[in-house]
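Here is the structure we will look at.
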Amino acid sequence: MRIDIVTIFPEFFGILDVSLLGKARVSGLIETHVHDLRDGAHDKHRTVDDTPYGGGAGMVMKPEPWGVILDAILSDAGSAPIAISSATEADSIAADGIPAGGPLLIVPSPAGEQFTQAMARELAHEQQLIFACGRYEGIDQRVVDHYSSRMRVRLVSLGDYVLNGGEVATLAMIEAVGRLIPGMVGNPESLVEESHENGLLEYPSYTKPPTWRDLDVPPVLLSGNHGAISTWRHEQQVERTTRVRPDLLPNVSPDTEAEPDADR
Ligand code: 6GU
């Protein structure tokens, strides 16, 4: 997967060189390109923001630098080719300009759709993701409007709280998506058993020693009875989810909610 990041804080993404994702980059599974938005500003001060039309607090990111940088990414020979699909393929009318394939532009925004594990799984199959990190009060709306006719664009939010810019959200999304790219994790079972993969929160884990500060590991885990262990873990998942995140329960398939996961 190719990942392009456009930001006024390119140094921020030095962190991508370390950790799990650093390994993926070395092995060629993920290729990242970080672009300084200010390289698309041609005035002396490399200005990327201005006051909002209509008034109001804060500054808005100007469209021109985004146009320069995003155009350059799209015309890079290494970028995924964009297909233009037609909704009217059966007749002779020309393609109606709905972009398919090619890069997906992700604009982190508290006004976007909620990022979820399901979305991370979807994004893990993309050829190329472009993250447009906005700062201040956002990016001139015409950037999204323009590029929506040239590629697929999604506004994505991490959750219902406000960050100063898209950088932290971008790193979170890259980490969530990157670890799902086939070939990334040593033990594929560790992906299946964790929080959110079956719609439930994960069960509690224990390791040696069997007693620590008067706290015993639940005896069932030492029993060697794999059926009983599966049942217990599943009960723990349901109990935890019911207590901490009851909002998740309607998303759980009846199968998952009712049955111990003995076959995993
Ligand atoms: Cl994606 N961006 C910003 N600026 N704030 C957020 C967010 C994203 N998700 C939650 N808060």
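Whatever order the structure lists them in is the order used to number ligands and atoms, beginning at 1. What you see below is based on every heavy atom in this structure, not just the backbone, and it leaves out hydrogens, waters and symmetry mates. If you're wondering where the values come from, they're calculated on a predicted model, not measured in any experiment.
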Partners passing side-chain contact (heavy atoms from CB on, under 4.5 Å) against Asp71 (at least two apart in sequence or in another chain): Tyr147, Arg150
Spacing of Thr170 atom OG1 and Ile3 atom CD1 [to the nearest 0.5 Å]: 10.0 Å
Close side-chain approach of Arg2 to Ile30, heavy-atom, < 4.5 Å: no
Identify all pairs of nitrogen or oxygen atoms, one from ligand 1 and one from the protein, separated by less than 3.5 Å, and list them with distances.
residue  : atom   : partner : partner atom : Å
ligand 1 : 4 (N)  : Leu163  : O            : 3.2
ligand 1 : 5 (N)  : Leu163  : N            : 3.1
ligand 1 : 9 (N)  : Ser157  : OG           : 3.4
ligand 1 : 9 (N)  : Leu158  : N            : 2.8
ligand 1 : 11 (N) : Tyr161  : O            : 2.5

Pairing of Arg135 and Glu167 as salt bridge, 4.0 angstrom limit: yes
Residues which pass salt bridge (Lys or Arg N to Asp or Glu O under 4.0 Å) with Glu113, listed by chain and number, not counting sequence neighbours: Arg154
Sequence neighbours excluded and cut-off under 3.5 Å, please list the side-chain donor-acceptor pairs for residues 60-68, or say none.
none

